[in-house]
Amino acid sequence: MNIEKSYVSLKAFLSKPDIEYDDLETFLSSGAYQNFELIGNEDLSGRLYVKAPEEKQPTWMPFINTGIAGDLDLSNRSSSAVLLIEVNDRVVAYAFGYGRFMLEQDRFLPDFGIRTALNTLRHDSLKSVDIFTVDRSAVQKRTQAVRSSSVDVFGIDVSKDILRAVTGNAKEGIPLQSISGGDYVYSFGAHIEFDDLFETSKSLISYYTQESYKDQFSWVDNIRRLKNDTKKNELDEVLRSAIDAKNATNLAITAPEVVSWDNISGFSFTRSKGTIYPTLIIEDYLNGLGDDSIALKTLKNHKLFIYDLDSNEVQYSLYKSLYFEHMDDSKTFILFSGDWFEVDNDFVVELDRALAHIPISDLEFPTVHNWTHEDKEKIESEGDYNERAAILKSYHLLDKKLIKSRTTTSAIELCDLMTDDKQLIHVKHKKGGSSGLSHLFAQGYVAAEVTISDKEFRKKARIKLRNIRSDLDSLIPLNGINGADYEVVYLILGDDNSTVKSALPFFSKINLVKAFENLTQKGFKVTICGVAKERIEPPAATDESEA
């Protein structure tokens with residue numbers, strides 16, 4: 001008689017290759033565990049480890065007891081178990097209850113879950129995706145679809161979204177159900193008996209080693225968060241050596257979150273806190289370290305201090321503020337916001353090729369002024385620069401002239417400067433680093449998009465222009481604009497045209513290319529321009545012009 005096998009839901013982990021061990025407890029975190037031998041199938045080699053259950057009161061119970069007659073007495077009982085199955089030279093771990101917390105995580109593959117899921121589920125059966133967006137402000141989010149869908153439904157930006165987890169249905173021929181995979185863990189359901197676990201484990205290892213995911217999900221290899229601790233330690237040492245050598249070739253520094261740059265008076269660092277710098281550049285940090293070699297632990301304890309115009313201080317981890325690029329073994333590695341990422345070199349080549357298509361603006365701009373005041377280095381603010389450039393070049397000043405739109409979450413500028421030839425100029429200091437520059441590129445795109453799509457925005461923009469000169473409203477026709485009549489100019493203060501593109505941080509390059517592609521598809525001409533700094537004598541009054 002054919003008896004249908006029971007349906008069971010399992011969570012699997014796969015050990016890293018070449019881990020030598022004398023005892024399966026090598027794969028467990030420290031703790032006291034009961035262990036049990038396996039019986040039945042002679043091919044089934046392994047052990048079950050169980051953690052003694054703990055009883056805990058619900059955290060909300062004391063609060064409830066203050067408002068009821070009598071005394072509520074409840075407890076939660078947690079169970080944890082791990083089944084370790086040996087398959088040739090590998091170990092597959094199946095976690096039950098809270099068993100995953102019993103595992104020594106660095107013994108297991110950090111991409112087993114996501115890669116195995118992508119190899120085993122249908123690309124058009126996705127029910128949810130988890131992504132981590134690497135941008136001017138890193139964002140993690142989960143998106144769920146009402147019905148099984150293809151990946152394009154989830155609005156993934158393949159240039160900067162890292163796929164963390166997916167849920168979907170199995171491909172034809174794969175005897176699994178309810179597949180979900182993310183990072184270390186691969187979850188699935190199957191009709192199996194205990195004796196089938198050896199063959200099931202062999203199948204999981206086979207699924208992981210396949211590359212069928214590249215047929216529909218090849219873009220997931222563009223940017224990957226690095227999980228290999230050994231490699232991360234190697235890269236941290238490369239970073240430390242570059243800092244020791246005062247080599248800033250591939251090194252930069254930026255605020256680890258979006259800040260209001262016009263409200264910033266200066267920056268300092270742990271080793272040179274007494275010196276306030278007007279711009280956030282890595283050379284100032286390096287020069288303050290002295291000649292002694294710096295230890296990695298010391299580096300990770302250093303702080304970046306940012307001061308506002310009222311001298312209020314905010315501090316950030318210096319390590320999380322560093323941006324570092326390193327090429328090794330035909331791979332590009334990037335340290336960004338305290339995490340290491342591995343970038344596929346084909347993707348880098350394509351990105352540089354796209355950058356090469358972005359022309360340099362023909363417009364002329366004055367240099368950026370900087371000076372010394374009371375032994376502190378000062379640099380012209382974006383606002384002061386825009387005012388001076390408008391006067392010197394007869395450009396129209398629209399900086400800080402905000403316009404509300406029904407299609408944006410906050411009021412925005414049409415641009416910072418505008419010419420009679422319909423060139424929309426957006427200005428940002430290089431000192432803003434990756435977050436500030438990425439914001440600049442997004443700002444130019446959003447403003448152009450709203451100008452095309454929102455008549456009410458055009459109406460208000462015409463009023464702003466008319467306030468400058470009565471006939472300027474003709475630059476923005478009320479009933480619609482043709483993108484081909486306009487040029488969006490990205491002006492970066494503190495870099496000249498020879499390096500303005502190549503010196504951009506990697507993720508800012510991505511944002512620039514994305515803005516360029518989107519705007520040119522709408523007919524706009526898009527250019528970039530850089531202006532260098534020029535040292536001058538201190539202005540007579542510095543309070544209004546200090547950055």
Tell me whether [X] contacts the main-chain N or O of [Y] through its side chain, where contact means a donor paired with an acceptor under 3.5 Å.
X: Asn119; Y: Tyr213; result: yes
X: Ser321; Y: Ile253; result: no
X: Thr520; Y: Phe516; result: yes
X: Ser361; Y: Leu363; result: yes
X: Thr499; Y: Ser502; result: no
X: Asn247; Y: Ile243; result: no

Verdict with supporting geometry, Tyr277 and Phe267, ring-ring contact (aromatic ring centres under 6.0 Å, His included): CA-CA 5 Å; Tyr277 303 98; Phe267 312 87; 8.8 Å; no
Quick one: do the [X] and [Y] side chains pair a donor with an acceptor below 3.5 Å?
X: Tyr395; Y: Asp416; value: no
X: Tyr319; Y: Asn301; value: no
X: His429; Y: Glu382; value: no
X: Tyr184; Y: Asp111; value: no
X: His302; Y: Tyr285; value: yes
X: Ser180; Y: Ser187; value: no

Under the salt bridge (Lys or Arg N to Asp or Glu O under 4.0 Å) test, residues paired with Glu234 that sit two or more places apart: Lys231
Tell me the closest heavy-atom pair linking [X] and [Y], and the distance in Å.
X: Leu512; Y: Leu355; value: CD2-CD2, 3.8 Å
X: Tyr385; Y: Pro366; value: OH-O, 2.6 Å
X: Ala447; Y: Ile412; value: CA-CD1, 3.9 Å

Test log, rule ring-ring contact (aromatic ring centres under 6.0 Å, His included), inputs Phe341 and Phe333: CA-CA 6 Å; Phe341 295 89; Phe333 298 94; over 10 Å; no
Aromatic ring proximity Phe13/Phe112, centre distance under 6.0 Å: no
Check [Y] with [X], please: is the shortest side-chain N to carboxylate O separation under 4.0 Å?
X: Asp244; Y: Arg240; value: yes
X: Glu380; Y: Arg388; value: yes
X: Glu413; Y: Lys401; value: no

Those residues that, when tested against Lys273, pass side chain to side chain contact (heavy atoms under 4.5 Å, CB included) (two or more places apart): Ser268, Phe305, Tyr307, Glu313
Distance in Å, Leu398 CG paired with Ile403 CD1, rounded so as to fall on 0.5 Å steps: 7.5 Å
Verdict with supporting geometry, Phe365 and Leu392, side-chain contact (heavy atoms from CB on, under 4.5 Å): CA-CA 9 Å; Phe365 295 96; Leu392 291 175; over 6 Å; no
Side chain to side chain donor-acceptor pair (under 3.5 Å) contacts in which one or both residues fall within residues 522-536, not counting sequence neighbours: Thr367-Glu534, Thr372-Arg535, Glu377-Arg535, Glu449-Lys522, Glu487-Thr527
Stacked cation flag Arg107 on Phe27, 6.0 angstrom / 45 deg: no
